[in-house]
K.L.:
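Dropping a structure here in structure tokens format, bear with me for questions.
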Protein chains: 2
Amino acid sequence: MARQPPSSTVPRGRPRDPRTRAAILAAARALLERGGLTAVTIEAIAQKAGVSRPTIYRYWPNAPAVAMAAFLDVTGAPDAARSTRSPYAALRAQFHAVADAFAAPAGRSVAAMVAAAQSETELAKAFRNEFIARNRDATRLLLERCIEDGLIAPPADMELVLDLVFGPLFYRLLMGHAPITRGFVDRLLDTVIPASA
Amino acid sequence: MARQPPSSTVPRGRPRDPRTRAAILAAARALLERGGLTAVTIEAIAQKAGVSRPTIYRYWPNAPAVAMAAFLDVTGAPDAARSTRSPYAALRAQFHAVADAFAAPAGRSVAAMVAAAQSETELAKAFRNEFIARNRDATRLLLERCIEDGLIAPPADMELVLDLVFGPLFYRLLMGHAPITRGFVDRLLDTVIPASA
DNA sequence: GTTATATTACGTTACGTACCGTAACATTAA
DNA sequence: TTAATGTTACGGTACGTAACGTAATATAAC
């Protein structure tokens with residue numbers, strides 16, 4: 001008898017051990033935060049995670065892809081929706097959180113991923129869609145609520161406003177010409193999104 | 001008689017052939033604009049420049065350093081000083097030029113150098129001092145002239161203004177979520193540095 | 001001046017290392 | 001039985017360095 005084709009829906013054979021995936025991502029994340037992207041080699045991940053190199057390749061095609069997966073695994077999108085406060089307060093809180101993240105060692109990861117996205121097209125797409133776009137979406141949502149509530153004046157160009165608040169943060173993160181302090185964020189928001197008197 | 005010790009000041013021995021240096025930089029620049037930083041390998045530079053690998057190492061310690069040298073070699077600081085126009089017009093012209101550079105293939109080089117600066121401390125220093133700082137200085141100068149002439153209102157925080165004009169440009173360049181058009185630059189400047197009515 | 005010598009530039013070749021990505025095969029878990 | 005995982009091995013690319021020879025130039029001695 002000819003063999004039946006697999007019944008596509010149910011996974012057969014030995015299932016993947018979720019700890020394998022978790023160990024790989026954890027190792028990649030640790031390496032990323034310490035030594036930047038250059039430290040995230042398949043070799044190093046394998047050693048640190050206690051996993052063989054081929055196994056990593058069975059999950060992801062290359063080291064930067066693992067790094068991106070590890071990065072997005074922790075850097076969830078901000079959940080502004082469930083906030084009960086004033087949208088303006090939520091907006092400021094969101095950017096204080098971003099500033100904190102950028103200032104901390106986690107900021108090194110963000111910078112590393114931006115760097116990686118410059119040379120890897122696939123990574124760039126993932127980074128844009130899963131990180132940049134999500135953060136912009138969250139902020140745009142809050143801005144629209146602020147406008148509805150009359151807390152800020154409706155801007156002529158919403159996308160420009162988003163560029164104006166995110167741009168300087170990334171600029172300082174990547175160039176390192178000045179620190180990202182809460183004071184900086186406050187002045188930035190006061191200038192770009194002043195509360196309507 | 002014993003030979004006298006060398007008279008330290010004048011360079012002795014065979015002088016370096018300036019064409020060697022030029023060929024290396026030209027090759028590095030070409031590779032950088034096409035394939036980004038990953039394409040700038042010592043191997044590739046050597047081949048393209050018709051030079052041996054050890055020779056390149058006698059000039060620079062590693063590939064990113066060559067790339068940075070090549071980058072700074074062409075990307076001279078903007079010379080706003082000699083402009084005869086209104087400082088406000090000069091300011092807009094400067095940013096139109098930056099936008100053009102960022103939009104063109106040269107923008108790829110800038111992005112590549114930002115990326116490189118994330119993992120190489122020495123490069124980061126050079127990039128900050130020779131590129132970022134110079135551009136900020138040029139803009140700061142023009143802004144101060146505009147203020148003197150009463151063309152714009154004096155800002156509370158000059159450095160923040162610089163972050164506000166440069167940040168979004170780099171942000172778009174590096175994230176690629178939206179193009180860097182002249183219209184974008186115009187709206188950006190209109191918002192951040194409006195001409196005083 | 002002419003000549004010898006030091007000094008430096010550059011090419012060639014070779015080495016060992018790191019990491020890559022893949023393939024083959026054995027082993028283990030469901 | 002099926003698929004996940006480990007083990008081992010391989011070829012490939014690029015790294016950075018070292019050794020050696022040759023070419024080019026400056027300097028010192030004559």
Side-chain angles (χ1 to χ4, degrees), chain A residues 1-28 31-32 34-68 116 119-120 122-123, chain B residues 1-28 31-32 34-68 116 119-120 122-123:
Chain A
M1 284 285 286
R3 191 179 304 277
Q4 285 300 105
S7 56
S8 64
T9 55
V10 180
R12 310 194 304 169
R14 174 180 175 181
R16 285 183 165 177
D17 186 340
R19 285 175 304 175
T20 299
R21 179 190 157 90
I24 294 171
L25 291 181
L31 289 166
L32 182 64
R34 309 235 179 139
L37 193 68
T38 54
V40 187
T41 70
I42 298 290
E43 182 71 36
I45 299 171
Q47 267 198 294
K48 201 175 189 70
V51 158
S52 71
R53 277 195 300 133
T55 292
I56 299 177
Y57 283 110
R58 284 166 190 135
Y59 281 77
W60 294 277
N62 50 49
V66 185
M68 180 62 80
S119 51
E120 310 266 344
E122 284 306 307
L123 285 203
Chain B
M1 285 284 287
R3 193 173 301 276
Q4 286 301 103
S7 55
S8 69
T9 53
V10 181
R12 310 195 303 168
R14 174 180 174 178
R16 287 183 165 177
D17 187 340
R19 287 174 304 174
T20 299
R21 179 189 159 92
I24 294 172
L25 291 181
L31 289 166
L32 182 65
R34 309 235 176 140
L37 194 69
T38 55
V40 186
T41 69
I42 297 291
E43 184 70 38
I45 298 171
Q47 269 197 293
K48 202 175 187 70
V51 158
S52 72
R53 278 198 300 133
T55 292
I56 300 177
Y57 282 110
R58 286 170 190 132
Y59 281 78
W60 295 279
N62 51 47
V66 185
M68 180 63 79
S119 51
E120 310 268 343
E122 284 307 307
L123 286 204

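Throughout, a chain's letter reflects where its sequence line sits, starting with A, and its residues are numbered from 1. Computed from a prediction, not measured in an experiment: that's the story for all the values here.
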K.L.:
Rounding to a whole Å, what distance do you find between A:R19:CZ and D:dA4:P?
P.N.:
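So the two atoms are 16 Å apart, to the nearest Å.
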K.L.:
What closest approach, in Å, do B:A67 and B:L37 show between heavy atoms, and which atom pair accounts for it?
P.N.:
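Minimum heavy-atom contact is CB-CD1, 3.7 Å.
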K.L.:
Minimum heavy-atom separation for A:S52 and A:A46, please, with both atom names.
P.N.:
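Result for this residue pair: C-CB, 4.1 Å.
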K.L.:
Work out which heavy atom in B:T38 is nearest to a heavy atom in A:S119; give both atom names and the distance.
P.N.:
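Taking every non-hydrogen atom into account, CG2-CB, 4.0 Å.
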K.L.:
How long is the line joining CD1 of B:I45 and P of D:dT13, in whole Å?
P.N.:
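About 18 Å, once rounded to whole Å.
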K.L.:
Decide yes or no for A:E120 and A:M68: does some side-chain heavy atom of the first lie under 4.5 Å from some side-chain heavy atom of the second?
P.N.:
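They are not in side-chain contact.
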K.L.:
Look at the side-chain N and O atoms of A:S52 and state whether any lies under 4.0 Å from the OP1 or OP2 oxygen of D:dG6.
P.N.:
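The answer is yes; a side-chain N or O of A:S52 sits under 4.0 Å from OP1 or OP2.
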K.L.:
Would you tell me if any nitrogen or oxygen in the side chain of B:Y59 comes within less than 4.0 Å of OP1 or OP2 on C:dA9?
P.N.:
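For C:dA9, OP1/OP2 do not have a side-chain N/O of B:Y59 under 4.0 Å.
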K.L.:
Which ones in residues 20-28 of chain B lie close to DNA chain C, meaning a heavy atom under 4.0 Å from one of its atoms?
P.N.:
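DNA chain C contact set from residues 20-28 of chain B: B:T20.
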K.L.:
Please produce a list of atom pairs where a protein N or O lies less than 3.5 Å from an N or O of nucleotides 18-20 of chain C.
P.N.:
| from | atom 1 | to | atom 2 | distance (Å) |
| --- | --- | --- | --- | --- |
| C:dC20 | OP1 | A:I42 | N | 2.9 |
| C:dC20 | OP2 | A:I42 | N | 3.1 |
| C:dC20 | OP2 | A:E43 | N | 3.0 |

K.L.:
Provide, to the nearest angstrom, the distance between the CD atom belonging to B:Q47 and the C1' atom belonging to D:dA14.
P.N.:
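Answer to the nearest Å: 12 Å.
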K.L.:
Please find the pair of heavy atoms, one from B:V40 and one from B:A28, that lie closest to each other, and give the distance.
P.N.:
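Taking every non-hydrogen atom into account, CG2-O, 4.0 Å.
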K.L.:
When rounded to the nearest 0.5 angstrom, what is the spacing between CG in A:L32 and CD1 in A:I45?
P.N.:
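A:L32 atom CG to A:I45 atom CD1 measures 9.5 Å (nearest 0.5 Å).
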K.L.:
Taking the side chain as every heavy atom from C-beta outward, state whether B:V66 and B:Y59 have any atom pair closer than 4.5 Å.
P.N.:
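They are not in side-chain contact.
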K.L.:
Locate the shortest heavy-atom distance separating A:R58 from A:R16; write the atom from each residue and the value.
P.N.:
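Between these two residues, the closest heavy atoms are O-NH2, 3.0 Å.
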K.L.:
Would you name the heavy atoms of A:A44 and A:A39 that are closest together and state the gap between them?
P.N.:
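So the minimum-distance heavy-atom pair works out to CB-O, 3.9 Å.
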K.L.:
Is any side-chain heavy atom of B:I42 less than 4.5 Å from a side-chain heavy atom of B:W60?
P.N.:
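No, too far: nothing below the 4.5 Å cut-off.
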K.L.:
Atom pairs under 3.5 Å, N or O on each side, protein against nucleotides 23-30 of chain C: can you list them with distances?
P.N.:
| from | atom 1 | to | atom 2 | distance (Å) |
| --- | --- | --- | --- | --- |
| C:dT28 | O2 | A:R14 | NH1 | 3.1 |

K.L.:
Got a second to check how far B:L25's CG is from B:T20's OG1, nearest 0.5 Å?
P.N.:
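Between atom CG of B:L25 and atom OG1 of B:T20 there are 11.0 Å.
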